[in-house]
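Structure, as structure tokens:
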Amino acid sequence: MRQLYDLHCHSTASDGALSPTELVNRAHQQGVTDLALTDHDTTAGLAEAEDCAIDAGIRLIAGIELSTNWHDDCFHIIGLGIDPAYLPLAEATHNLQRTRLERAEKVSHKLEKKNIHGAFEAVVKAARDGMITRTHFADFLVAQNHVSTRQEAFDRYLAKGKPAYVPTPWADLEQGINWITECGGVAVLAHPLRYKLAANWMKRLLTAFKEAGGQGIEVVTGRIGPDEIDLAADYARRFDLAGSTGSDFHSPDNEWVELGKLAPLPVNIKPVWELLH
Ligand code: AMP
Ligand code: MN
Ligand code: MN
Ligand code: MN
């Protein structure tokens, strides 16, 4: 049977709309044979996803999407084949839950100053026990009619440089990569083109990423066109990185992104799944 890999998606453990069980079942329905659940800064959804994957007969790869800092900007590193029981990683995710809670308080204060009330209570409730993300704030701003779309919420309030933006003390890029690789995982740079780096900064980033032990780069992601795939593939070849494919699925409401709905990895790229055991 042909394998279909989707190595990047989110559940209710972070900012996804589906529970781990719903997500795995949907992936199965879409023909995905190998799925990595990669919630933001948490592994809390993995046990439930694994139980469901066994029942559905698909392979679950234990994953995470770690927020990291490099030169004052945030970069997302996907860990694939991680061990959620590895103590430094478990401690890191535990601490990141507090970091995110504290950031949410600060974001809420900034929104109060813009006369927007009730954000903190709303995002805590919406995230339940999971990670509080800016997506939760965006949904709150839409629900309260302050904006009409998630994108507008980021553009007007939540993105860097906007009134409710709060810089967050994520771990350094190198530290994040270490947490992944020390427990046997493969570190993959998520959605490399979304950072909008100039070519010289991209080169510096990929050099630092490789030096720290990073092995892969996302070449095919959810909403990416052929030109962007070529560009990301070019980075993979030039920096001798394996290529990953992942939808970055968050919700069935986004009609542009679906689990497993991905262009094939270009043939001359080494697939990242060959590095997973
Ligand atoms: P956080 O990790 O809490 O800073 O939130 C980051 C998440 O917000 C990302 O993973 C996306 O799901 C979402 N996000 C970031 N920027 C945008 C944007 N411009 N439009 C919609 N969602 C975004
Ligand atoms: Mn997200
Ligand atoms: Mn991301
Ligand atoms: Mn993601």
Side-chain angles (χ1 to χ4, degrees), residues 6-18 23 27 35-45 61 63-69 72-80 92-93 96-108 110-111 119-120 122-124 126-127 130-142 147-162 164-171 176 187-196 216-218 220-224 244-259 262:
D6 191 333
L7 304 180
H8 185 164
C9 64
H10 298 273
S11 77
T12 47
S14 64
D15 59 353
L18 303 183
L23 191 77
L35 179 76
L37 174 59
T38 57
D39 274 307
H40 295 290
D41 302 320
T42 182
T43 59
I61 294 155
I64 194 165
E65 181 172 19
L66 275 177
S67 313
T68 69
N69 270 139
D72 284 336
D73 267 317
C74 180
F75 293 87
H76 287 178
I77 309 297
I78 300 282
L80 298 175
T93 57
L96 283 162
Q97 186 147 24
R98 169 153 292 274
T99 299
R100 282 181 169 277
L101 186 70
E102 288 169 358
R103 179 181 67 160
E105 283 177 315
K106 292 180 186 157
V107 172
S108 303
K110 291 197 159 197
L111 288 172
F120 187 68
V123 297
V124 167
M131 289 291 182
I132 305 173
T133 71
R134 283 185 294 168
T135 308
H136 295 105
F137 280 97
D139 288 348
F140 164 79
L141 290 166
V142 173
V147 292
S148 45
T149 63
R150 267 187 188 174
Q151 184 61 50
E152 194 187 343
F154 278 90
D155 293 346
R156 281 183 54 193
Y157 294 102
L158 302 170
K160 193 173 183 183
K162 302 300 171 183
Y165 176 78
V166 175
T168 313
W170 307 118
V188 175
L189 180 67
H191 40 65
L193 304 183
R194 220 183 286 168
Y195 309 113
K196 307 261 183 276
I217 184 169
E218 272 183 355
V220 180
T221 64
R223 288 188 71 177
I224 194 172
S244 189
T245 68
S247 62
D248 204 1
F249 178 90
H250 281 74
S251 163
D253 292 345
N254 182 346
E255 59 188 296
W256 304 104
V257 176
E258 182 54 83
L259 289 162
L262 291 157

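Counting convention: from 1, in listed order, for ligands and their atoms alike. Just the heavy atoms: all of them, side chains too, but no hydrogens, waters or symmetry mates, feed the values below.
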With atom 20 (N) of ligand 1 as the reference point, say which of Arg134, Gln151, Glu152 has the nearest heavy atom. Gln151

Identity of the N, O or S atom of Asp15 lying closest to the Mn ion (ligand 2): OD2

Side chain of Lys110, backbone of Tyr165: donor and acceptor closer than 3.5 Å? yes

Testing Glu65, His191, His76 one by one against His8 for a side-chain hydrogen bond (donor to acceptor under 3.5 Å, both in side chains), which residue passes? Glu65

Quick note on ligand 1: atoms under 4.0 Å from a heavy atom of Thr135 include exactly 7 (C), 8 (O), 12 (O), 13 (C)

Quick one: closest heavy-atom pair of Leu66 and Gly176, and the distance? CD1-O, 3.5 Å

Ignoring hydrogens, what is the shortest heavy-atom contact between Ile64 and Thr43? Give both atom names and the distance. CD1-CG2, 4.0 Å

Return the residue, atom name and 0.1 Å-rounded distance of the protein heavy atom closest to atom 3 (O) of ligand 1. Arg103 NH2, 2.5 Å

Between His8 atom NE2 and Glu65 atom OE1, the angle centred on the Mn ion (ligand 4) rounds (to 10°) to 90°

Less than 4.0 Å between a side-chain N and a carboxylate O, is that true for Glu102 and Lys106? no

Nearest 0.5 Å, please: how far is OG in Ser14 from NE2 in His136? 7.5 Å

I want to confirm something. Looking only at heavy atoms, which of His40, Arg100, His76 is nearest to atom 2 (O) of ligand 1? Arg100

Taking the Mn ion (ligand 4) as the apex, His10 NE2 and Asp248 OD1 span an angle, rounded to 10°, of 90°

To check your reading of the site, what angle at the Mn ion (ligand 2) do NE2 of His250 and NE2 of His40 form, to 10°? 120°

Please identify which atoms of ligand 1 are closer than 4.0 Å to at least one heavy atom of His250. 12 (O)

Check: of Phe137, Tyr165, Phe154, min heavy-atom distance to atom 15 (C) of ligand 1 comes from Phe154

Determine, for Arg194 against Asp248, whether the closest basic-nitrogen to carboxylate-oxygen distance falls under 4.0 angstrom. yes

Work out which heavy atom in Ser247 is nearest to a heavy atom in Val257; give both atom names and the distance. O-CG1, 3.4 Å

Run the numbers for me: atoms of ligand 1, each under 4.0 Å from some heavy atom of Thr133, listed by number. 3 (O)

Between Asp15 and ligand 1, does any nitrogen or oxygen pair lie at a separation below 3.5 Å? yes

